[in-house]
Protein chains: 2
Amino acid sequence: MSKIRIFLVDDHQLVRDGIKALLISAEDLIILGEASSGKECFEKIALEPPDILILDISLPDTNGIEITKRITNEYPETRVLILSMYTNEDFIFNSVKAGARGYLPKNTSREELLSAIHAIYNGEEFFSDSISRIMLKSYVRKAKEDDLAPQRGPIPLTTREIEILKLFAEGFINKEISDKLDISIRTVETHKNHIMKKLELKSTVELIKYAIRNKIVEI
Amino acid sequence: MSKIRIFLVDDHQLVRDGIKALLISAEDLIILGEASSGKECFEKIALEPPDILILDISLPDTNGIEITKRITNEYPETRVLILSMYTNEDFIFNSVKAGARGYLPKNTSREELLSAIHAIYNGEEFFSDSISRIMLKSYVRKAKEDDLAPQRGPIPLTTREIEILKLFAEGFINKEISDKLDISIRTVETHKNHIMKKLELKSTVELIKYAIRNKIVEI
DNA sequence: TCATCCCTAAGAAATACACGTAGGCCAACC
DNA sequence: GGTTGGCCTACGTGTATTTCTTAGGGATGA
């Protein structure tokens, strides 16, 4: 059975050495090489793309997420494992979005790192417990936001105002709205002004976004 | 210390008895009552709302998600634990969205059920391993969709046009855009016209919606 | 009855939009 | 090596919208 070929990208020599020390005794792995920047990384892997790229988020010339995007596009056979000291939800989400197959914090154990490598090599995804918890929290938050968003602030508009906002956000121009509702175009304008003042919106753009956020119209 | 008050809702007598049998020996719990339908549930808990409502998704007259919504609104002190044979992602997402604090499959163990009850009673959330895995998968899928969605239709705009559309959809007026980009207002207007023509949009409203749909701006 | 909110409406100035036109630049093509 | 076409730039003109102010009439409730 052929060995799992690993490539390391981290801008700290010590970290790379540490990871190598952890992995050196694993017989089914082989470290193809290492790089301390995005540029160096792409230069080196062009010769022989690894099975797994272990990647730090913060790098001198770019960041792990951009590298992940390029890898996903240019080397779809290479799978990315993010190893980062940052466990913030945005980084995790964007890493996954960019195509990363796993995410570990830097204080992970040798066992977990090996588990991750094997899982990813076998086509699975791997997230450490702490990362999973963050992802779950985020999942719960998103689900709740999905529900709460429309109720965030009770809509302080009158029925007539909502009617006009709806028509406007659907794309009708003032004249069409005034015809539809059989009122003067001036009245339509006044209603819109009232809405903008009430909601403290500074532009019609925000008005439309408000209508979308509050599900007065579909996108 | 007062006992954790539990109420069971499931349309199968056997399941309710099974759960009761599992919980009866736990000294810090007390089963307040049980119901086999949504109607019966609300009639009974009106007298004494429980701390935790253990709820099946499928019920004869309604479903657990609707009950969860009502509970969340009408009895915010009562926390809902979903116990369901369905582990499909939509049910899980909608349960969380409706306000459920935990979700367990029906083949869960006594230990896990007790862990879930205690976690939820302490204000935490609890999802069994199998449910967590489904949520994580969903998280990953959503993150990927988030990335793929904008590629649905290739955006036929030039970089300058996208730049201007982005600023416009962020709420900047033409003058601000022309200042930012150090070009004439006329140019900004021309770009916007080109965009509208290319995309066959009839109003700025549609322009903004286009920008949102294609993730050029956030809502 | 008075205050308040809602719907209605208008005037005037500033701003934005629709549409046509056009020059400079650059890359691709024959 | 000129031509074509796309892109970015810009203006003129006429129309529409926005911004700000003012205001009457009806409903509602203290």
Side-chain angles (χ1 to χ4, degrees), chain A residues 150-219, chain B residues 150-219:
Chain A
Q151 305 172 0
R152 227 179 328 223
I155 299 178
L157 302 179
T158 66
T159 50
R160 194 59 153 176
E161 284 165 350
I162 290 177
E163 201 176 357
I164 281 166
L165 175 53
K166 183 166 156 55
L167 288 170
F168 175 65
E170 277 170 358
F172 295 103
I173 62 174
N174 290 357
K175 183 74 181 68
E176 290 170 334
I177 298 173
S178 76
D179 286 346
K180 263 180 200 287
L181 301 182
D182 203 27
I183 54 179
S184 156
I185 197 169
R186 302 299 202 157
T187 308
V188 175
E189 288 165 4
T190 306
H191 280 303
K192 275 165 75 177
N193 280 327
H194 284 166
I195 297 167
M196 308 264 286
K197 283 219 168 125
K198 269 189 194 174
L199 302 177
E200 295 176 14
L201 302 179
K202 292 185 295 298
S203 65
T204 52
V205 175
E206 290 181 49
L207 190 60
I208 293 164
K209 288 185 185 175
Y210 174 90
I212 292 169
R213 267 200 301 271
N214 289 278
K215 310 214 191 246
I216 292 168
V217 287
E218 294 296 312
I219 297 181
Chain B
Q151 298 172 3
R152 239 183 316 232
I155 299 178
L157 302 179
T158 66
T159 50
R160 194 58 152 177
E161 284 166 351
I162 291 176
E163 201 176 358
I164 281 166
L165 174 55
K166 182 167 158 55
L167 289 169
F168 173 66
E170 274 169 0
F172 296 104
I173 62 173
N174 288 358
K175 182 75 181 69
E176 290 170 333
I177 297 173
S178 75
D179 285 347
K180 261 179 202 288
L181 301 181
D182 203 27
I183 54 177
S184 156
I185 275 198
R186 304 303 202 143
T187 309
V188 176
E189 289 167 358
T190 305
H191 280 303
K192 276 163 77 175
N193 278 327
H194 285 168
I195 297 168
M196 308 265 285
K197 279 216 172 137
K198 268 190 197 175
L199 303 177
E200 295 176 19
L201 303 179
K202 290 185 298 298
S203 65
T204 53
V205 174
E206 291 180 48
L207 190 60
I208 293 165
K209 289 183 184 176
Y210 174 88
I212 292 170
R213 265 199 301 271
N214 289 278
K215 315 228 182 217
I216 293 167
V217 288
E218 294 296 310
I219 297 181

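By convention in this document, chain letters (A, B, ...) are assigned in the order of the sequence lines, proteins followed by strands, and residues within each chain are numbered from 1.
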Whole angstrom value for the distance that separates C1' of C:dT8 from CG of A:Asp182: 12 Å

In whole angstrom, what separates B:Glu189's CD from D:dT17's P? 15 Å

How far apart are the closest heavy atoms of A:Leu207 and A:Met196, and which atoms are they? CD2-SD, 3.8 Å

The nucleotide from D:dT18, C:dT8, D:dA10 with an atom nearest the side chain of A:Thr204 is D:dT18

Within less than 4.0 Å of OP1 or OP2 of D:dC8, is there a side-chain N or O belonging to B:Thr158? yes

Which whole-number value in Å describes the distance from A:Ile177 CD1 to C:dC7 P? 15 Å

With respect to the side chain of B:Thr190, which nucleotide from D:dT13, D:dT17, D:dT9 is positioned closest? D:dT9

Whole-Å distance, A:Ile173 CD1 to D:dT18 P, equals 10 Å

When all nucleic acid strands are considered with a 4.0 Å heavy-atom cut-off, which category describes A:Ser203: base, sugar-phosphate, or nothing? nothing

Rounded to whole Å, CD of A:Glu163 lies from C1' of C:dC7 at a distance of 11 Å

Grab the CG-P distance between A:Leu201 and D:dC20 for me, whole Å please. 13 Å

Taking the minimum atom-to-atom distance to the side chain of B:Lys197, which one of C:dG20, C:dC17, C:dC7 wins? C:dG20

Tell me, please, which residues at least two apart from A:Glu161 pass side chain to side chain contact (heavy atoms under 4.5 Å, CB included). A:Leu157, A:Thr158, A:His191, A:His194, A:Ile195, A:Lys198

May I ask you to evaluate whether B:Asn193 reaches the phosphate of C:dC19, defined as a side-chain N or O under 4.0 Å from OP1 or OP2? no

Of the listed C:dA18, C:dC7, C:dA10, the closest approach to the B:Met196 side chain comes from C:dA18

Taking OP1 and OP2 of C:dT15, is either one under 4.0 Å from a side-chain nitrogen or oxygen of B:Lys175? no

Mind checking the CD1-OG1 spacing from B:Ile164 to B:Thr159? Nearest 0.5 Å is all I need. 10.0 Å

Closest of C:dA10, D:dA10, C:dA16 to the B:Ile185 side chain is C:dA16

Does B:His191 make a side-chain N or O approach to OP1 or OP2 of D:dT9 shorter than 4.0 Å? yes

Rounded to the nearest 0.5 Å, how far apart are CD1 of A:Ile212 and NZ of B:Lys209? 6.0 Å

Could you pull out all donor-acceptor pairs under 3.5 Å where a side-chain atom in residues 172-184 of chain B meets a protein atom, sequence neighbours excluded?
from, atom 1, to, atom 2, distance (Å)
B:Asn174, OD1, B:Lys192, NZ, 2.7
B:Lys175, NZ, B:Asp179, OD1, 2.8
B:Lys175, NZ, B:Asp179, OD2, 3.0
B:Glu176, OE1, B:Ile173, N, 3.0
B:Ser178, OG, B:Lys175, O, 2.8
B:Ser184, OG, B:Arg186, N, 2.9

Categorize A:Thr159 for me: base, sugar-phosphate, or nothing, with a 4.0 angstrom heavy-atom threshold over every strand shown. sugar-phosphate

D:dT9 phosphate, OP1 or OP2, under 4.0 Å from B:Arg160 side-chain N/O: yes

If you only use heavy atoms from C-beta on, which nucleotide in D:dC8, C:dC6, D:dA10 is closest to the side chain of B:Glu161? D:dC8

I want to check something: taking the side chain as every heavy atom from C-beta on, are B:Phe168 and B:Val217 in contact at a cut-off of under 4.5 Å? no

With sugar-phosphate meaning primed atoms plus P, OP1 and OP2, does B:Asn174 contact a base, only sugar-phosphate, or nothing at under 4.0 Å between heavy atoms? sugar-phosphate

Salt bridge (charged side-chain N to carboxylate O under 4.0 Å, His left out) assessment of A:Glu163 paired with A:Arg160: CA-CA 5 Å; A:Glu163 201 176 357; A:Arg160 194 59 153 176; 3.2 Å; yes

For B:Val205 and A:Ala169, the nearest pair of non-hydrogen atoms, with its separation, is CG1-O, 3.1 Å

Roughly how far apart are A:Arg213 CZ and A:Glu206 CD, rounded to 0.5 Å? 8.0 Å

May I ask you to verify if any side-chain N or O of B:Thr187 is less than 4.0 angstrom from the OP1 or OP2 atom of D:dA10? yes

Double-helix bend of the helix from C:dT1-D:dA30 to C:dC30-D:dG1, axes at both ends from 5 pairs, round to 10°, gives 30°

In this structure, how many angstroms lie between the C1' atom of D:dG24 and the CZ atom of A:Arg186, rounded? 16 Å

Could you give the CZ-to-P distance, from B:Phe168 to C:dT15, as a whole number of Å? 16 Å

Between D:dG12, D:dC7, C:dA9, which nucleotide gets closest to the side-chain atoms of B:Lys198? D:dC7

